[in-house]
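Report on the structure given below.
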Amino acid sequence: MLSNDELRKTLLEAKCKNAHGKFEYIQDGAVLSNHPLFSSDGINTLQIILYIDEVELCNAAGIRVKKFKLLMFYYIIGNLPKIYRSVLSAINLFEVAKSEDVATYGFDSILQPLLEDIHKLSTVGGYPIHLKSGNLIRINAALVAYVADNPAAHQAIGLKESVGGAFRKCRFCRADYDAMQNGVCEEDFDSGNLEQHLQQCNVISNAPQALKDHYKTAYGINRKSILCEFPNFDIFKQTPPDVMHVLLEGVIPLTLQALIKHFINTKQTTLIEINNGIKNFLYGYMEEKDKPNFIRQQDLRSSSTCLNQDAAKAHLLFQIFPFIVGKNVDLNDDHWELYTLLAEITDISFASVIGLETIARLKEAVTAYLTLFKELFPDQPFTPKQHYLVHFPKVILLLGPLINLWAMRFEAKHQYFKQLKKIMNFKNLCLSLCRHHQKLAAISRNSIFKENKYGPVRHLQGDELARVKQRISSTLSIEKDSINNVESFKWIILHGTKYLVDECYLAVKFDDEEIPVFGKLCGIQELNISFVVFDVICLETVGFDETLKAFQVRSQASGLTPVTPDMLITHTPLAIYTYHGSSYIKLKGSISDLKDS
């Protein structure tokens with residue numbers, strides 16, 4: 001990896017701290033700010049983020065169920081700039097193990113090789129790496145985060161794996177069921193800490209056999225984990241909750257289910273009307289693949305937890321929910337307030353840059369959400385995933401934005417291995433998977449830096465070329481004579497994101513009052529075969545609708561404004577929604593702290 005000049009330069013020279021005192025990178029958090037390898041300049045230090053997940057390679061409903069259940073170990077280098085993090089070739093395979101082998105030989109034996117490597121890479125003065133060019137560089141590396149769903153995280157750190165059935169429900173505060181039902185903020189719980197955990201592990205280890213099970217249940221501990229031996233790694237601070245599993249596959253479907261049942265029971269709407277709203281909604285091209293499934297009657301039963309949606313579909317359903325039911329239900333009652341509170345929690349949890357004031361807002365929103373949920377649905381106890389929300393603010397202070405450590409892209413990596421089952425030898429499944437991936441990694445290392453992909457091209461000439469050169473040079477301060485060639489495209493894919501002319505909207509800039517200005521993408525040009533420019537027509541931002549959690553916009557007299565992708569507030573292409581004759585744009589994460597970044 002480090003022998004690739006472009007990749008090595010990108011990793012070792014990447015910006016890893018926010019210049020304005022906000023939380024943008026992992027290194028902005030307290031954990032790495034106080035880490036001996038990261039708190040001082042000098043030796044090049046790599047941030048290793050480890051992800052572990054169990055995957056069923058074959059049909060989970062067939063005769064081979066559980067026969068080919070595997071534990072996949074991936075890692076990514078946290079130094080990699082954010083624009084490259086979602087590229088699947090940036091996600092590396094560390095190890096593959098059969099789940100039955102892990103049960104037989106223990107989880108710790110799987111991580112032992114990684115522990116040995118981390119010890120070598122954390123030596124004083126750096127570990128020498130000999131490059132193919134013959135040069136020598138010294139590198140330090142540290143495991144900075146272990147990402148997994150809640151059962152897998154508990155398995156790795158040696159706690160009881162069944163979060164629902166265990167006496168201790170939470171790895172962050174070790175709350176039991178009663179404490180979890182009565183607490184709504186961080187201060188209501190005693191935080192878990194590594195020193196206390198190690199003492200409890202010693203008590204279990206030294207206890208008579210007859211008392212071991214008693215202590216294991218009381219403490220919620222199965223064993224002392226090998227992760228406790230990793231240099232400067234704290235299992236209670238560096239195993240963050242995953243926003244995909246907690247929010248998109250937990251709290252959001254649970255809350256939507258409760259609200260839908262309430263709206264139906266109070267005759268404000270029907271399930272048929274909601275499904276018609278899902279069917280007839282005008283989705284943007286970037287949303288079509290995540291169009292929500294219809295909600296079935298059985299999805300409203302208490303035993304159902306996903307509303308017939310996967311994570312991406314649940315996220316989109318939550319985004320458009322006000323526009324689907326808003327015409328029929330009362331948006332001024334306490335039940336809708338529950339939606340707006342959860343929307344604020346979700347927006348901050350998906351923010352790429354977060355300030356201290358925003359973290360305080362998140363804490364208040366979580367407390368208000370849990371308090372109101374308990375008031376509106378007193379017979380519905382808090383789930384462990386709802387409880388994990390109280391720890392979100394502290395985790396951001398420790399490790400930076402949660403979106404940097406979510407599992408969505410890691411899980412997308414599974415698809416490559418699932419496709420291999422059609423051509424693979426199943427005699428030694430783990431070895432076959434590793435060999436196939438090793439070949440792929442060898443030929444696709446440079447694919448991290450994706451080349452742009454283009455739609456139909458048109459070469460500008462004559463008066464049209466002169467007008468475009470004049471507009472771009474005057475707005476972007478580019479010498480007109482330096483523009484030799486201009487090509488226009490119907491669409492372009494930059495770093496994996498598709499921009500389609502006349503079909504998407506962009507968050508262009510903040511105005512003088514720090515209100516975001518949105519624009520319709522009306523043209524895509526590339527100058528001199530390397531420099532991309534978007535032509536946008538800016539809209540007027542009327543204001544932010546707290547009920548819909550969306551910005552109201554309208555057309556205004558405005559000419560084409562050239563902007564570069566780097567000038568945008570966020571690189572996400574946006575759709576526009578219509579509600580009661582007005583137009584709205586909804587973001588997928590809070591941008592309030594991007595104003596000065």
Any side-chain heavy atom of [X] within less than 4.5 Å of one from [Y]?
X: Leu227; Y: Leu111; value: yes
X: Leu372; Y: Leu341; value: yes
X: Leu342; Y: Leu338; value: no
X: Leu331; Y: Leu548; value: yes
X: Leu70; Y: Ser99; value: no
X: Glu54; Y: Pro151; value: no
X: Asn404; Y: Ile49; value: no
X: Tyr369; Y: Leu389; value: yes

- How far apart are the C-alpha atoms of Leu247 and Phe392, what are their side-chain angles, what is the distance that settles it, and do they pass the side-chain contact (heavy atoms from CB on, under 4.5 Å) test? CA-CA 11 Å; Leu247 280 172; Phe392 275 21; 4.1 Å; yes
Please answer whether the main-chain N or O of [Y] pairs with a side-chain N or O of [X] as donor and acceptor at a distance below 3.5 Å.
X: Thr497; Y: His571; value: no
X: Lys169; Y: Met180; value: no
X: Asp178; Y: Gln181; value: no
X: Gln309; Y: Leu307; value: yes
X: Lys385; Y: His245; value: yes
X: Arg168; Y: Arg174; value: yes
X: Asp290; Y: Lys313; value: no
X: His35; Y: Leu37; value: yes
X: Thr123; Y: Lys120; value: yes
X: Ser33; Y: Gly29; value: yes

- Item | ring pair (Phe, Tyr, Trp, His ring centres under 6.0 Å) partners of Phe551, counting only residues at least two apart | Phe518, Phe544
- Criterion salt bridge (Lys or Arg N to Asp or Glu O under 4.0 Å) on Lys363 and Glu187, from CA distance to verdict: CA-CA 11 Å; Lys363 186 175 182 178; Glu187 289 73 22; 2.5 Å; yes
Contacts table for residues 215-222: side-chain donor-acceptor under 3.5 angstrom, sequence neighbours left out:
{"unit_1": "Thr217", "atom_1": "OG1", "unit_2": "Asp213", "atom_2": "O", "d": "3.0"}
{"unit_1": "Asn222", "atom_1": "OD1", "unit_2": "Lys160", "atom_2": "NZ", "d": "3.0"}
{"unit_1": "Asn222", "atom_1": "ND2", "unit_2": "Leu159", "atom_2": "O", "d": "3.3"}

- Query: Pick one: which of Glu95, Lys413, His414, Arg409 meets side chain to side chain donor-acceptor pair (under 3.5 Å) with Tyr74?
  - Reply: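 The side chain to side chain donor-acceptor pair (under 3.5 Å) with Tyr74 is passed solely by His414 among Glu95, Lys413, His414, Arg409.
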- Query: What's the verdict on ring pair (Phe, Tyr, Trp, His ring centres under 6.0 Å) for Phe377 and His262, showing C-alpha distance, side-chain angles and the deciding distance?
  - Reply: CA-CA 10 Å; Phe377 306 105; His262 165 75; 7.0 Å; no
- Run the ring pair (Phe, Tyr, Trp, His ring centres under 6.0 Å) check on Phe350 and His315 step by step: do they pass? CA-CA 11 Å; Phe350 280 86; His315 195 189; 4.8 Å; yes
- Query: Who are the side-chain contact (heavy atoms from CB on, under 4.5 Å) partners of Gln552, not counting sequence neighbours?
  - Reply: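 By the side-chain contact (heavy atoms from CB on, under 4.5 Å) rule, Gln552 matches Val542, Ser582, Tyr584.
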Nearest-0.5 Å distance that lies between atom [atom1] in [X] and atom [atom2] in [Y]:
X: Ile591; Y: Thr572; atom1: CD1; atom2: OG1; result: 10.5 Å
X: Asn18; Y: Ile354; atom1: CG; atom2: CD1; result: 11.0 Å
X: Phe73; Y: Phe410; atom1: CZ; atom2: CZ; result: 13.5 Å
X: Asp242; Y: Tyr388; atom1: CG; atom2: OH; result: 12.0 Å
X: Asn140; Y: Thr45; atom1: CG; atom2: OG1; result: 4.5 Å
X: Asp117; Y: Ser122; atom1: CG; atom2: OG; result: 10.5 Å

- Item | Residues, nucleotides or ligands: over 12 heavy atoms within 6.0 Å of Asp190 CG | no
- Can you tell me if CD on Glu116 sees more than 12 non-hydrogen neighbours from other groups inside 6.0 Å?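 Result for CD/Glu116: enclosed.
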Give the minimum heavy-atom separation between [X] and [Y], together with the two atoms involved.
X: Cys504; Y: Met286; value: CB-CE, 3.8 Å
X: Pro253; Y: Thr305; value: CB-O, 3.5 Å
X: Pro322; Y: Lys586; value: CG-NZ, 3.7 Å
X: Tyr177; Y: Pro381; value: OH-CB, 3.4 Å
X: Asp108; Y: Arg223; value: OD1-NH2, 3.0 Å

- Message: Go through it in stages, so that I can follow the logic: the residues are Phe38 and Val144, the test is side-chain contact (heavy atoms from CB on, under 4.5 Å), and I'd like the CA-CA distance, side-chain angles, deciding distance and then a yes or no.
- Response: CA-CA 10 Å; Phe38 296 94; Val144 299; 3.9 Å; yes
- List the steps and the verdict of side-chain contact (heavy atoms from CB on, under 4.5 Å) for Cys173 and His387. CA-CA 10 Å; Cys173 65; His387 165 75; 3.3 Å; yes
- Verify whether one side chain among Lys588 and Thr570 offers a donor that lies under 3.5 Å from an acceptor in the other. no
- Item | Modelled atom types, side-chain donor and acceptor of Tyr51 and Glu411, under 3.5 Å | yes
- So side-chain hydrogen bond (donor to acceptor under 3.5 Å, both in side chains) across residues 345-361, not counting sequence neighbours, yields Glu344-Arg361, Thr358-Asp593
- Quick note, side-chain hydrogen bond (donor to acceptor under 3.5 Å, both in side chains) partners involving residues 224-241, not counting sequence neighbours, are Arg171-Thr239
Quick one: side chains of residues 81-88, donor-acceptor pairs under 3.5 Å with protein atoms, not counting sequence neighbours, listed by atom name and distance.
{"unit_1": "Lys82", "atom_1": "NZ", "unit_2": "Glu24", "atom_2": "OE2", "d": "3.1"}
{"unit_1": "Arg85", "atom_1": "NE", "unit_2": "Leu80", "atom_2": "O", "d": "3.0"}
{"unit_1": "Arg85", "atom_1": "NH2", "unit_2": "Gly78", "atom_2": "O", "d": "2.7"}

- I would like to know whether His391 and Phe172 meet ring pair (Phe, Tyr, Trp, His ring centres under 6.0 Å); could you show each step before the answer? CA-CA 7 Å; His391 300 297; Phe172 304 106; 5.3 Å; yes
- Does the pair Lys549/Glu546 count as a salt bridge with the N-to-O cut at 4.0 Å? yes
- Task: Determine, stepwise, if the pair Leu568 / Val563 fulfils side-chain contact (heavy atoms from CB on, under 4.5 Å).
- Result: CA-CA 8 Å; Leu568 300 176; Val563 297; 4.1 Å; yes
- Query: Phe321 vs Tyr339 aromatic rings, parallel, tilted or perpendicular, using cut-offs 30° and 60°?
  - Reply: tilted
